[in-house]
2 protein chains.
Amino acid sequence: MNTHSNTLRRATIKEVAEAAGVSRSTASRALSGTGYVAENVRSRVRQAAKELGYVVDATARSLKQQSSRLIGVLVSDLRNAFYSAFAAGAAHACRSEGYTMVLLDDRGHGDEETSAAETFVALRVAGVVGTPVSATLSEYLGRHRIPLVEADRRFSEASVSAVVVDNRAAARATTEHLLALGHRRIALLLDETAWTTGRERAAGYADALRAAGHDVDPTLTVPTGWDVDAASAASRTLLQRDDAPTAVFAANNLLAEGAWRAAADLGISIPDQLSLVAFDDAPWMSMVKPGITAVSQDAEAVGAAAVASLIAELRGTQRAPRTVTIPTRMIHRGSTAIATRR
Amino acid sequence: MNTHSNTLRRATIKEVAEAAGVSRSTASRALSGTGYVAENVRSRVRQAAKELGYVVDATARSLKQQSSRLIGVLVSDLRNAFYSAFAAGAAHACRSEGYTMVLLDDRGHGDEETSAAETFVALRVAGVVGTPVSATLSEYLGRHRIPLVEADRRFSEASVSAVVVDNRAAARATTEHLLALGHRRIALLLDETAWTTGRERAAGYADALRAAGHDVDPTLTVPTGWDVDAASAASRTLLQRDDAPTAVFAANNLLAEGAWRAAADLGISIPDQLSLVAFDDAPWMSMVKPGITAVSQDAEAVGAAAVASLIAELRGTQRAPRTVTIPTRMIHRGSTAIATRR
DNA sequence: CAGCGCTATGACATCGTTCCCACATCGTAG
DNA sequence: CTACGATGTGGGAACGATGTCATAGCGCTG
C-alpha cells in the first residue's frame, strides 16, 4: 500500500485537508458527501485521505454530532446458545445498517444490568436492545432518553417496544399435543416465574388443560433454578414421586437437558415411559435417540428484529411502542408417545 | 430517585460544577479522583452529580485523552459454540478490568475482517483481540498502532501476542490413543488447512503416526468445508470406501457432528465398527450414546486470557510479543474401542 | 447591467472533557 | 520576615470533527 506510516500520530482531517490543499470544512464535505464540493476537489481529497490512511475519529464525530452509531446489546448469558444466537442476529443487523454493536453480558444479575445501562449511557449509544432481567433497564435508559427495545421478555410493556415469541400460544399447542396423546399428568418445568416468558408459558399450559376440562395440579408446576444441575435434581424428585407425571414440558433448553439427564439416570425410557417436550430447540435434541420434540424459536431472528425495530425508531420511521412477534415452530421428533401407565 | 429528569438535555460537567458552586476543573478532579480536591468539596460535587444523574460523556473523554476504554473483539461466527464461549470469556475479562467490549463477527470472510478493523480504528479502541482469518487484521491494526492479540490461531507470529492451545501435542496424544487401541487406518477430518490450527493438528497427527513407524496416507486426510453438511457428505464418501478407516479424528466440533451423522445414516455403529474422536468438546457429545471422546479446549479461558494479555500490554506491564498456551483436556467417553476388521 | 440564484469554498464556533498552568492561601523552615 | 513547599482552585486551551455563516465567482434573466 501507499500508506504513509512514517508518522507516529494518526492522520487527522486537518492533515488530509492540507495535503489536498483545501480547508478542513471542504475536506469534511468531500469525505462525508454532504454539501457542495467540486468533483475534482472531492477526488483530490479522497486520494489524500487514502494516502494518509485517514480514518475518521468516531469519538470526535460523536461529540460534535451529539449522537453515535453505536447500539448497545445486553444479554443474560452468552454461553447459552439462545443468547449467543440472539447476539449473532443482532450483530448482523447492526452491521448491515451501519451501526456497531457494543455487547454486554449481565450474567442474569440485576446489579450488572444497572452498570451495563450506565456504560451505554456513558458511550452515548444511539439505542439499546436487550433481554432485561428487571424494569430498571428501561427506567434508567428512559431517564436518559435512550430508546430501548426489550427482547424475549418484557418488563415495561406500556412504554417500550418489544420483540417476543407467542409463548402462550406455543405452550398451549405443546400441551394440547400431549393431551391428545392421552397424557393427563403433565409436569411443567419453569425457570423464572417473575419473567413474562415463564408466566406466559405457564398460562398457555393452563389454558390447554382447562380447555380440555382438566384441573391444573399446582404440584406439577415446578420452578427450578437456572442451571442444568438444578433442573436435573428437581426432575429426579418429580419423576420418583408415586404420582409421577407421564409427560414433562420443559420451558427452556437447559431445563430439558436436566430432565433428559434425570430420566437417563433413573433408567426411564423416552418416550415409552415418559414423554418429553422442550420449549426452545437445541442442537443436541436432534442428535440424541429419540430426538426431542421441541418448540423452536429463532433466536437469531429475534435479535435481528429487535435491532431492526430499534433502528426504525431511531430513524423516526415509527413512533409508538410496538410489539413484534416472531413465529415459533414445533418440531416433532420422537420424544412423545401415547400415554401409558407406569 | 431524586434525579431531575425535567431537563431535556443530558447533564454536563459544567452543570454539575455550577450546582456545586465550583469550576469545571474542580468538578472534573472531584469526580475522577486525580489531583487536589478538598474533601468537603469532593462530596459536594459527588452529591450534585448524583442529583443531576450525571454520567460522563465517554466520547468527549476519549477525544481529549486520545484513548478509549473500549476493546475490540473479533470472532468468526457467534453461532458456533466455540466462538460464543470465547466471546463470553472476553466479555467478562473486559468488564472486570473496566473495559467495554465491542464485538464484531466477520462470518469467516476476509473482507468483513478488513471492515471490522476499520471500525475498530474509527472507534479508537485501546486494543483488539480476535480470531483472525488472515494476516490483514494484524497488518491493518499495526499500521494504526493498535495492539492486537491473536487467539486460537496465528497469522503474525513474529509481531503480535497470541493465546492458543497446543494443537500439535493434543492432536498427537489423540492419535496415539487411537493407535494404542490398534487402529492403523485413522482418518483426519480438517476444516481449513491455511490456518495454524488445522496445520498443527495435522502435524500432531502425523507425528504420532511416524513415531509409531507408520506412513501417513494422504488420502486419509480429508479437508472438508466449514459446515456440518459438507463434513457429513465427505464422511459418507470416506466411510464407504473399500479401505475405509477404522477410526476418525475430527478436527473440530462441527466436523465431528458431520462424521457422527454420516455414521448414523450409514448404520455404522460407534464404537464397534468405528471409533470417533473430536477436537473441541460440545454439549451434545456427552448426551449421545455412546458419548464422544473429545479434546476439550476451554474457549472461555482462551477469550479471557487473550483480553488479559492485551490489557497487560496496554498497561505496559509486558512488552514483547508473548504466546500463552491454554491447556487442553482429553475427555474419555465411549466412542473409541479396540480396532476390528469391518 | 443590476439583480438573483446557484455553486463552491473557508473562517470560526462548538460539542464535553481533561489537564496544564497560573494563582492563592497557609504553615513552616531558614 | 522571607522564601518555599504543600494544598487547593479556576481560567482557558486543547482533542478532531462538523456545520453555520459569510463571501465570492459565475451564468442567467429581465
Side-chain angles (χ1 to χ4, degrees), chain A residues 7-46 48-49 52-70 118 121-126 144-145, chain B residues 7-46 48-49 52-70 118 121-126 144-145:
Chain A
T7 56
L8 269 169
R9 306 216 341 87
R10 238 176 312 245
T12 69
I13 201 171
K14 190 180 160 202
E15 286 153 24
V16 172
E18 280 166 6
V22 296
S23 71
R24 292 187 336 270
S25 317
T26 303
S28 173
R29 258 173 287 138
L31 294 173
S32 68
T34 64
Y36 295 114
V37 188
E39 197 44 48
N40 64 325
V41 174
R42 179 189 306 271
S43 59
R44 191 149 38 95
V45 172
R46 291 253 169 91
L52 291 169
Y54 172 76
V55 179
V56 69
D57 186 329
T59 61
R61 170 182 284 173
S62 299
L63 177 60
K64 169 65 186 172
Q65 296 189 331
Q66 294 291 62
S67 73
S68 75
R69 297 286 280 178
L70 296 176
E118 275 180 25
V121 172
L123 289 174
R124 303 298 193 247
V125 298
H144 288 272
R145 325 213 171 257
Chain B
T7 56
L8 269 169
R9 308 220 339 87
R10 243 180 302 249
T12 69
I13 203 171
K14 189 180 161 201
E15 286 154 25
V16 172
E18 280 166 7
V22 296
S23 70
R24 289 183 346 268
S25 317
T26 305
S28 173
R29 257 172 287 142
L31 293 172
S32 69
T34 61
Y36 295 114
V37 188
E39 197 44 47
N40 63 326
V41 173
R42 179 188 306 271
S43 59
R44 194 148 38 90
V45 172
R46 290 251 169 93
L52 291 169
Y54 171 76
V55 179
V56 68
D57 186 329
T59 60
R61 170 181 284 175
S62 299
L63 177 60
K64 170 65 190 174
Q65 295 188 331
Q66 292 291 76
S67 73
S68 76
R69 298 288 278 178
L70 296 176
E118 275 179 25
V121 172
L123 289 174
R124 303 300 193 246
V125 298
H144 288 271
R145 326 219 169 252

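Every chain is numbered from 1, with letters handed out A, B, ... down the list of sequences.
Without hydrogens or angle criteria, A:Arg24 side chain to A:Lys14 main chain gives no donor-acceptor distance under 3.5 Å.
Spacing between atom CG of B:Asp57 and atom P of D:dG16 amounts to 16 Å, rounded to whole angstrom units. In this structure, A:Arg61 places its CZ atom 5 Å from P of D:dT18, rounding to the nearest Å. Straight-line distance from the CG atom of B:Leu63 to the C1' atom of C:dT17: 8 Å, rounded to whole Å. The interatomic distance linking A:Asn40 (CG) with C:dT7 (C1') rounds to 13 Å, in whole Å. We find that OH of A:Tyr36 is positioned 13 Å from P of C:dG5, with the value rounded to whole Å. In this structure, A:Glu15 places its CD atom 13 Å from C1' of D:dC15, rounding to the nearest Å. For A:Leu123 and C:dT17, the CG to P distance is 14 Å, given to the nearest whole Å. Protein atom CD of A:Glu18 is 13 Å distant from nucleotide atom C1' of D:dG16, rounded to whole Å.
Judged by atom type and distance alone, B:Arg29 reaches the base of D:dG10 through a side-chain donor-acceptor pair under 3.5 Å. Counting distance only, with no hydrogens placed and no angle test, the side-chain atoms of B:Ser25 and the base atoms of D:dG11 include a donor-acceptor pair under 3.5 Å. Within 3.5 Å, no donor on the side chain of B:Arg10 pairs with an acceptor on the base of C:dG16, nor the reverse. Judged by atom type and distance alone, A:Ser62 does not reach the base of D:dA17 through any side-chain donor-acceptor pair under 3.5 Å. For A:Thr34 and D:dG19, a side-chain-to-base donor-acceptor distance below 3.5 Å is absent, hydrogens and geometry of angles not being considered. You won't find any donor-acceptor pair under 3.5 Å spanning the side chain of A:Ser28 and the base of D:dG19, going by distance alone. At a cut-off of 3.5 angstrom, counting only N and O atoms as typed in the model, there is no donor on one side facing an acceptor on the other between the side-chain of B:Lys64 and the base of C:dT17.
Here the side chains of B:Arg44 and B:Val22 are in contact, with some heavy-atom distance below 4.5 Å.
Comparing A:Val55 and B:Gly21 along DNA chain D, the residue whose closest nucleotide (by nearest heavy atom) sits nearer the 5' end is B:Gly21. Along DNA chain D, the nucleotide nearest B:Ser23 and the nucleotide nearest B:Arg124 are compared for position; the residue whose nucleotide lies closer to the 5' end is B:Ser23.
Here B:Thr12 lies in heavy-atom contact (under 4.0 Å) with sugar-phosphate atoms only.
Side chain of A:Thr26, nearest nucleotide from C:dC12, C:dG10, C:dT18: C:dG10.
A distance of 8.0 Å separates CZ of A:Arg124 from NE2 of A:His144, quoted to the nearest 0.5 Å.
Taking 4.0 angstrom as the limit, A:Gln65 places none of its side-chain polar atoms (N or O) nearer than this to OP1 or OP2 of D:dA17.
Across all their heavy atoms, B:Leu63 and A:Asp57 have their closest contact at CD1-OD2, 4.2 Å. Contact record, A:Ser68 with A:Ala126: O-CB, 3.4 Å, taken as the closest heavy-atom pair.
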